[in-house]
Amino acid sequence: MTELDQKSDGRDTARTRDFARTAPPLPPLQFARWFWRQLTSMRTALLLLLMLALAAIPGSFIPQTKVDPAAVVRFGRAHETLTPIFDRLGLFSVFSSAWFSAIYILLMLSLVGCIVPRTFVYLRALRARPPKAPSRFDRLPASASYETDENSDAVLQRAAAVLRQKRWRVDVDAVAGGSGVVRAEKGYLREAGNLTFHIAAVGVLVAVAIGSLWGYKGSVIVVEGEGFSNTLTQYDDFSAGGLFDASALTPFSLQLDRFDARFEIDGPQQGQPREFEARGSYVPEPGAESAPFDIQVNHPLDVGGSSVFLVGQGYAPVITIRDGEGELVFSGPVPFLPEDASYTSSGVIKVPQSVPEELGFEGFFLPTAVDVNGVPRSAHPAAANPALALFVYAGDLGLGDGLPQSVFALDKRGLTQVRGPDGNPVRLLLQPGDTAAIPGGLGTISFDGVRQFARFQIGHSPAKAIALGAAVLGIAGLMASLFIRPRRAWIRTRRRDGRTLVEVARLDRVSGADLGADVEALVRDLRASSATTEGSATSEGKADT
Amino acid sequence: MSTEQWATLSNNAVAAATVVFGLACIAHLIEWSITRQVSGADTSRAETVGAEIARPARQAVSAGQVGAFDGGQDAQSRRELAGEELGADEERVARFGRLGIALTVLAAACLLVGVVSRGFAAERAPWGNMYEFATLGLLVVVTIYLGLVRFMKAQWLGGIVTGFAVCMLGLAFLAYVPAGPLVPALDSYWLLLHVSAAATAGGAFTIGAGASIFYLLKAKAERETPEDQRTGYLWRLPSSTAIDRLAYRVHAFAFPVWTFAALIAGPIWAEHAWGRYWGWDPKEVWAFITWVVYAGYLHARATAGWRGKGAAIIALIGFATFLFDFIGVNLIASGQHTYSGL
């Protein structure tokens with residue numbers, strides 16, 4: 001670069017900078033156009049993609065309300081200063097937060113802004129002739145030439161035939177006087193695949209949005225011998241999209257007769273679950289015939305658009321409680337939630353009717369109880385030696401103040417722990433058939449037996465078939481866009497010294513092909529099919545690299 | 001054979017594979033170290049001629065030129081001597097290269113026996129926990145590598161692939177659990193499709209990452225090394241353009257497979273087993289991140305200013321997210337994909 005050049009360059013940049021500083025803001029329409037061009041550029045799409053990946057990361061480390069609400073509560077207890085900040089930032093619901101939505105909505109816009117014009121360009125290209133030959137083949141990435149005694153038309157016709165046979169789109173420009181060009185292009189499906197993939201991606205996102213807006217999901221614990229009917233009040237937890245209509249719930253009901261759980265008895269994987277099976281009968285809608293069901297993990301029950309999945313199981317000890325006056329105040333199974341792999345399960349029993357004081361029990365159910373240094377533990381998830389270990393609380397359960405309470409936790413503010421004569425908290429240890437008296441004449445508790453419960457998840461996500469169809473279409477398009485190459489080739493003939501000079505060139509719009517080899521193969525094909533007429537043609541066979 | 005015998009066979013075969021991969025890696029390291037002494041005969045030229053766009057013709061520093069610098073009377077005899085030494089070194093390089101590949105083939109055979117017999121020991125598809133996924137994924141890595149050696153002369157990946165194999169098997173031993181049946185949630189034919197597709201894509205991502213590393217090294221060397229100092233192992237590799245093309249092909253194969261594993265088979269199975277097709281479980285989040293990053297890689301290759309170096313770095317980031325999805329999520333995060341067996 002000469003000094004002069006450098007100087008003028010410097011002046012240019014200075015002027016550009018000045019211009020940038022003093023330029024008036026763009027008028028709104030031009031600004032909008034500029035913004036749209038920026039948004040729909042590949043560079044922006046790329047940055048948005050990487051931002052989307054980055055933005056998803058916190059969702060895997062910080063507990064998410066939609067995924068595991070209990071974990072969010074635990075996190076809140078453990079990190080008192082961080083929690084309000086995280087909450088404000090939406091970090092407990094990353095995937096529905098404003099900033100995550102902003103990124104993917106921009107990405108969607110960028111996508112649409114890219115697809116629509118490209119679709120029109122593509123449709124025009126489909127009707128257009130293959131592109132004109134460049135004037136100098138030796139400037140192209142790959143070219144070769146040879147001389148032959150054939151006349152130009154014969155070469156051109158044969159070249160067109162050879163290419164057509166390989167399913168190129170071919171156009172011949174023959175010029176009188178022994179020269180002409182064959183223009184050829186193939187691989188149009190690549191762009192079609194590319195567009196299909198991106199349209200399908202939009203389709204998947206739309207289907208997912210429909211599913212989450214109109215869908216619902218809830219879970220419920222059903223103990224053996226008990227039933228469930230599909231109304232909002234029966235759910236233990238329930239979440240639905242903004243446009244969900246509760247009256248649209250499929251009005252089915254079901255009765256769980258039997259739950260079988262099988263665990264590995266011995267061997268290295270002792271205690272691992274092997275099989276869960278819930279059997280019973282269901283009525284698809286009121287007044288309909290009842291039908292048996294057999295729900296297993298991976299084998300849900302489909303009822304009128306909703307599906308019933310088996311997502312958990314556990315034990316529900318059957319308990320009878322009489323109060324200080326001998327009145328029967330509680331009787332029935334109480335689900336205890338499993339907390340570890342050997343189904344050490346925790347639960348509470350609330351007895352507000354009991355006299356003289358309201359009673360609350362909190363403790364563990366152990367399916368296979370063993371004594372480890374005086375502490376009862378469960379050794380195996382199967383109910384081989386079931387036992388209940390309960391602490392007792394008396395006083396006010398706090399059910400009367402109208403605030404909703406979890407059935408799995410005691411509100412201990414109005415309760416005092418019942419202690420034995422030695423002053424230590426009383427721990428009742430019961431096996432099936434046992435009855436224990438609660439110290440202080442508060443009553444008795446009997447452990448009558450064990451039933452199992454199944455936790456069902458019931459849900460409906462509309463448009464999931466659309467999502468699947470779009471995803472499959474997308475992958476087909478993706479493969480077309482990755483594996484089909486758009487190719488261009490030109491074959492030009494010229495008269496030179498009484499012979500015909502044949503030039504062959506290839507150009508791809510995407511890199512990746514071994515163009516030199518392609519050109520060589522093309523030349524070989526051209527010459528092979530003319531072997532009889534060629535005579536003493538000399539070859540250059542040059543493959544530029 | 002009883003399941004116990006199959007299990008023993010599997011463990012022994014995987015252990016043997018680890019040792020043989022180690023030996024193969026050593027053979028490739030020796031190959032590299034000898035190459036440092038040999039001048040950089042550019043073996044890549046013959047393979048890639050006619051393939052690249054405007055690559056500056058490289059001068060192969062031949063034995064003749066080495067001798068020519070002396071200009072003395074005995075230049076002729078020196079030339080011959082240098083030629084012979086060079087020939088001997090070349091021969092040693094080639095021998096260790098062949099040894100490395102032969103050992104890799106043997107190790108791959110051991111690993112195949114290990115994976116298959118693990119299936120017989122457990123009486124199911126042998127990819128139900130972290131250990132099994134690691135061995136299966138590695139088998140895919142090595143199979144793709146050997147395929148590339150056979151059809152695309154990708155021997156130069158040998159050192160990095162065998163080194164990775166040793167590390168991966170070491171990690172697999174840390175995650176070892178005895179063969180056994182699966183929890184009910186995994187008892188589905190989707191296990192066959194979802195997990196094997198994930199392992200296939202993961203294996204290809206691994207090869208793609210290895211090629212991307214070599215691409216970055218070679219591209220840097222091509223930019224910075226003067227013509228007359230181009231000696232050593234890097235100059236025996238194909239040109240950076242050819243490496244980039246190989247990396248792209250492997251990634252282009254892996255990406256649709258990963259799309260199928262993570263975004264089609266996974267959601268279908270999740271819908272069957274858990275009642276939702278997408279639930280932002282940590283494994284799903286990282287599978288999504290991996291997908292997005294590799295989608296970024298494919299776009300970067302078509303974006304001015306990101307081609308080459310930028311794209312290769314994105315591919316490596318993608319591989320890091322894949323490894324984290326496989327290892328980190330299993331060990332750190334909790335979620336519904338807790339099948340590592342740890």
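Just so you know, these numbers use all the heavy atoms, side chains as well, and skip hydrogens, waters and symmetry mates. First the proteins, then the strands, lettered A, B, ... as listed; each starts at 1.
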Study note, to complete from the structure: Between B:H251 and the options B:Y297, B:W258, B:Y215, the ring pair (Phe, Tyr, Trp, His ring centres under 6.0 Å) test singles out B:Y297
Point to revise | Between B:F324 and A:F61, ring centroids under 6.0 Å | key: yes
Exercise for review: Please determine, among A:Q64, A:K464, A:M479, A:Q272, the option with the most heavy-atom pairs under 4.5 Å with chain B.
Suggested key: A:K464
Review point. Does any non-hydrogen side-chain atom of B:Y131 lie less than 4.5 Å from one of B:V14?
Key: yes
Point to revise | Contact class of B:W286 relative to chain A, heavy atoms under 4.5 angstrom | key: side chain
Exercise for review: If the plane angle is over 60° it's perpendicular, under 30° parallel, otherwise tilted; pick one for A:F75 and A:F92.
Suggested key: perpendicular
Point to revise | Contacting moiety of A:F197, where chain B heavy atoms sit under 4.5 Å | key: side chain
Check your understanding: Non-hydrogen atoms of chain A under 4.5 Å away: do they reach the side chain of B:L246, the backbone, both or neither?
Key -> neither
Revision key, fill the gap. Honestly, the part of A:V308 sitting under 4.5 Å from a heavy atom of chain B is neither
Study note, to complete from the structure: Bottom line for A:L482: the part with an atom under 4.5 Å from chain B's heavy atoms is both
Practice item. Against chain A, work out which of B:I264, B:T321, B:V293 has the most heavy-atom pairs shorter than 4.5 Å and name it. Key: B:I264
Practice item. Among B:G275, B:P267, B:A273, single out the residue with the greatest number of heavy-atom pairs under 4.5 Å to chain A. Key: B:G275
Review point. Side chain, backbone, both or neither: which part of B:W291 has a heavy atom under 4.5 Å from chain A?
Key: side chain
Exercise for review: Would you mind checking which part of B:I317 comes under 4.5 Å of any heavy atom in chain A, side chain (CB onward), backbone (N, CA, C, O), both or neither?
Suggested key: neither
Check your understanding: Using non-hydrogen atoms only, which part of B:Y277 is less than 4.5 Å away from chain A: side chain, backbone, both, or neither?
Key -> side chain
Practice item. Apply salt bridge (Lys or Arg N to Asp or Glu O under 4.0 Å) to B:R307 and B:D244, showing your working. Key: CA-CA 10 Å; B:R307 263 176 220 121; B:D244 184 50; over 6 Å; no
Check your understanding: Any side-chain heavy atom of A:R274 within less than 4.5 Å of one from B:P181?
Key -> yes
Exercise for review: Identify which part of A:Q296 has an atom lying under 4.5 Å from any heavy atom of chain B, answering side chain, backbone, both or neither.
Suggested key: neither
**Study point:** Output field: ring centroids B:Y294/B:F322 closer than 6.0 Å
**Key:** no
Review point. Who among A:V472, A:I57, A:L50, A:L48 has the most heavy-atom pairs with chain B under 4.5 Å?
Key: A:I57
Exercise for review: Look at the rings of B:F133 and B:F326 and say which category their plane angle falls in: under 30° parallel, 30 to 60° tilted, over 60° perpendicular.
Suggested key: tilted
Check your understanding: Does the ring centre of B:F319 sit less than 6.0 Å away from the ring centre of B:F205?
Key -> no
